[in-house]
Amino acid sequence: MTSQHAVVADPPPAPAPPAPGRAARLLGRPGVFAAAAAAAATALMAARIFLPGPIGLADNGDGPRRMCALDSVAQVDPGSAPWWAYVNFGYVRAQPGECDPAGGYRSSAAVLLRLARPLGHWLGLPGEVDLRALAVLFCLLAGLAVGVFAAALRGGLPTRSLVCLALFLVVGDSIFAGYAASPYSETAGLLGILLAAAGATHLGGSPRARRAGLLVLTAGALLAVASKTQAVTMALPFAALLLFAHVPPARAARAWAGRVLPCCAAALIVATGAAAAQWQPEPFKVINPTEVVFVGLLGAADDPEAAAVELGLPADFAQYAGRSWWSADPPQNDPRWPGVRGRMTYPTVARFLLHHPDVAAGIALGAVEDFGAARPGYLGSYPVGAGEPAGSQESRLAVFGTLLRLLGGGPLLLLVLGLGAGAAGRLRALRHHPARRAFASAVLCLAGVTAVQFLTAAYGEAVEGVKHQVFAIYAAGLVLVLAAAGLCCAPRPGAAGGGALPPPRQEPAGAQEHEQEQARRQPGRA
């Protein structure tokens, strides 16, 4: 007869999860995973740019100012066009007088071009410089940055792989990839931001990792800030990040010494930004504010005549409202131009905007639309030999671009700024967890880059607004990836490579007296 209290057998134990194989364990090591991520990112980026045929970005007329730094001019392919429609990869040595020395544009992008020139010769590419070699260099450096970023990640192998894949989907998106083989200085800016972000994730690791991260961050920030005049405002968030970093110069260094290297790096970045602000060619110191006055201010004013008078211009200069420097019948062709040229300054623009917040808000709303558009629609992606119609744009990889269009420029911008504010609020709570704090600081820094570049593009020049938002859009995409990495893959407190810094080396209390007492007790020792 069955008892009222039946005996219930314990359920069999759940089978243990299978142990990872030897290859998975090896790949899970941070150093091995970083090397594998770097190699995979380099190969994928090369395939993305060169297969089934190379893509780039057509010249809008800015190319000669950069390429003349190498005394090179474009070799327009038969059937191609020099501007807008097609990419021309090849550049040949300029003839005497073909390059205007006064029109050159100093930029850190020249460093990449000088490296690409011998690389192109080694690859057997024709001409003096070939932009396809620049794209190869871009793939190598982008892969290096992904590897540095991957080295800071911890956690399961699938999670780390997905985060690295998300980073590649942003970096390789069609919004940005065309700059790899282009005559634009944005190439240097995009690479610099990526390297700086990757280096920043190591500022909470071991002393050696912090020093390496600081080196990569500084190199990337210098490359980005010196890429073009628009980029100099990025020096502010990069320097702010470093002012609160702690990087000991040696394992046993005192606490205050950890501030020296980051502060020196911050000063170098700010000084480079100040120098880069002066590199702008003299004509453009007038051209850019002129664009803002006539296209940005008069073009948006309800009463252009009254606005012209307030700006110190003749009332009938309102006829030039909405006309850029490059349009037909531009304002500088007016006989009275020499008398008003001195009004074309950014302080003049700033005073007007302070008195007309409605105009300032209208410009900001237009910049939000440019942010959401993400990619200028007037620059072709293909060489003429690809057989594509003039002005065709590739869309081989558009995951981030699709997300941007689905969310809209305004919501994505608010999301990124909100993530930055959330990261700022977490910094104090994470003060005892440096590794996680480093990811939060990187999110805050890149959100700052998004904000300053959005404002710089909005109020710095009133033409080609979509193209000028590229740094803000790029930094916004990296913020999303870094926020996910900080949530899922930041080192846990006390994990290898994370946690607090080890204390300076010192002898334990009483160690010397104990050693002397032991020496006295042992015969034969003095």
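Numbers for residues simply follow the sequence, beginning at 1.
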Between V171 and Y474, does a side chain to side chain contact (heavy atoms under 4.5 Å, CB included) hold up when you go through it step by step?
CA-CA 8 Å; V171 176; Y474 189 68; 3.7 Å; yes

May I ask you to check if R65 and F284 form a cation-pi contact, with NZ or CZ under 6.0 angstrom from the six-membered ring centre and within 45° of the axis?
yes

Side chains of Y86 and D77, donor plus acceptor under 3.5 Å
no

Can you tell if the side chain of L217 reaches within under 4.5 Å of the side chain of L195, non-hydrogen atoms only?
no

Measuring from atom CG of L167 to atom CG of L162, what distance do you get when rounded to the nearest 0.5 angstrom?
12.5 Å

Residues 137-147, side-chain donor-acceptor partners within the protein, below 3.5 Å, at least two apart:
none

Flag, side chain of Q332 to backbone of W325, donor-acceptor distance under 3.5 Å
yes

Charged N to carboxylate O below 4.0 Å: is that the case for D62 and K228?
no

With rounding to the nearest 0.5 angstrom, report the CZ to CG distance, R375 to L57.
8.0 Å

I want to check something: taking the side chain as every heavy atom from C-beta on, are L297 and V359 in contact at a cut-off of under 4.5 Å?
yes

Between the side chain of S174 and the main-chain N/O of L397, is any donor-acceptor distance below 3.5 Å?
yes

Backbone of E394 reached by a side-chain donor or acceptor of S381 within 3.5 Å
yes

Any donor and acceptor pair, going by atom type alone, linking the side chain of T218 with main-chain N or O of L214 inside 3.5 Å?
yes

If you measure only the distance, is there a donor-acceptor pair under 3.5 Å linking the side chains of S227 and E186?
no

Residues H355 and E310: side-chain donor-acceptor under 3.5 angstrom:
no

Any heavy-atom pair between the side chains of S182 and V87 that's under 4.5 Å?
no

Atom CG in L407, atom OG1 in T402: separation rounded to 0.5 Å?
11.0 Å

Least distance between heavy atoms, L70 atom then R117 atom
O-NH1, 3.8 Å

Can you see which heavy atom on A462 is nearest to which on E291, and at what distance?
CB-O, 3.6 Å

Ring geometry between W337 and F294 (parallel below 30°, tilted from 30 to 60°, perpendicular above 60°)
tilted

Derivation and outcome, side-chain hydrogen bond (donor to acceptor under 3.5 Å, both in side chains), residues R351 and T345:
CA-CA 10 Å; R351 285 191 293 269; T345 64; 5.2 Å; no

Got M45 and I49 here, is their nearest side-chain heavy-atom distance under 4.5 Å?
yes

Is Y346 reaching over with its side chain to a backbone N or O of G460, donor-acceptor style, under 3.5 angstrom?
yes

Is there a side chain to side chain contact (heavy atoms under 4.5 Å, CB included) between L112 and L191? Walk through the geometry before answering.
CA-CA 10 Å; L112 300 180; L191 278 173; 4.0 Å; yes

Taking every non-hydrogen atom, the tightest pair across A74 and Y91
N-CD2, 3.2 Å

Taking the side chain as everything from C-beta on, heavy atoms only, tell me whether V73 gets closer than 4.5 Å to C99.
yes

Value for CZ (F176) from CZ (F471), rounded to nearest 0.5 Å, stands at 10.5 Å

Heavy-atom closest pair (L134 atom, A180 atom, distance to 0.1 Å) is CG-O, 3.5 Å

Taking all non-hydrogen atoms of both residues into account, name the closest pair between I473 and A374 and its distance.
CD1-CA, 3.5 Å

Would you say the side-chain atoms of R259 pair up with the backbone N or O of A245, donor to acceptor, closer than 3.5 Å?
yes

Heavy-atom distance under 4.5 Å between the side chains of L242 and V247, does that happen here?
no

How about CZ on R48, more than 12 heavy atoms from neighbouring residues, nucleotides or ligands closer than 6.0 Å, or not?
yes

Short question: side chain of R343, backbone of T348 - any donor-acceptor pair under 3.5 Å?
no

Would you indicate whether R341, at its atom CZ, is surrounded by more than 12 heavy atoms from other residues, nucleotides or ligands within a distance under 6.0 Å?
no

Going by the rule disulfide bond (SG atoms under 2.5 Å apart), which residues pair with C489 if we only count those two or more places apart in sequence or in a different chain?
none

Less than 4.5 Å apart, side chain to side chain, heavy atoms only: is that true for R66 and S185?
yes

Take Q75 and N88, measure what side chain to side chain contact (heavy atoms under 4.5 Å, CB included) needs, and give me the verdict at the end.
CA-CA 7 Å; Q75 185 177 31; N88 295 291; over 6 Å; no

Any chance you could measure N60, atom CG, to Y184, atom OH, to the nearest 0.5 Å?
3.5 Å

Looking only at heavy atoms, what is the nearest atom pair of V292 and Y459, with distance?
CG2-O, 3.8 Å

Can you tell me if D329 has over 12 outside heavy atoms packed within less than 6.0 Å of its CG?
yes

Does the T450 side chain pair with the main chain of L446, one donor and one acceptor, at a distance under 3.5 Å?
yes

How long is the gap from CG on L365 to CG on D370, to the nearest 0.5 Å?
11.0 Å

Flag if over 12 foreign heavy atoms under 6.0 Å of OH, Y378:
yes

How about L203 and S441: do any of their side-chain heavy atoms sit closer than 4.5 Å?
no

Parallel, tilted or perpendicular: which one describes the rings of F352 and H356, with boundaries at 30° and 60°?
parallel

Say whether, by atom type as modelled, one donor and one acceptor occur between the side chain of T201 and the main chain of F439 under 3.5 angstrom.
no

As a quick check of understanding, evaluate side chain to side chain contact (heavy atoms under 4.5 Å, CB included) for D130 and F89, giving each step before the final call.
CA-CA 5 Å; D130 196 293; F89 293 120; 3.7 Å; yes

Count the heavy atoms of every other residue, nucleotide or ligand shown that sit under 6.0 Å from CZ of R431, and state whether that count exceeds 12.
yes

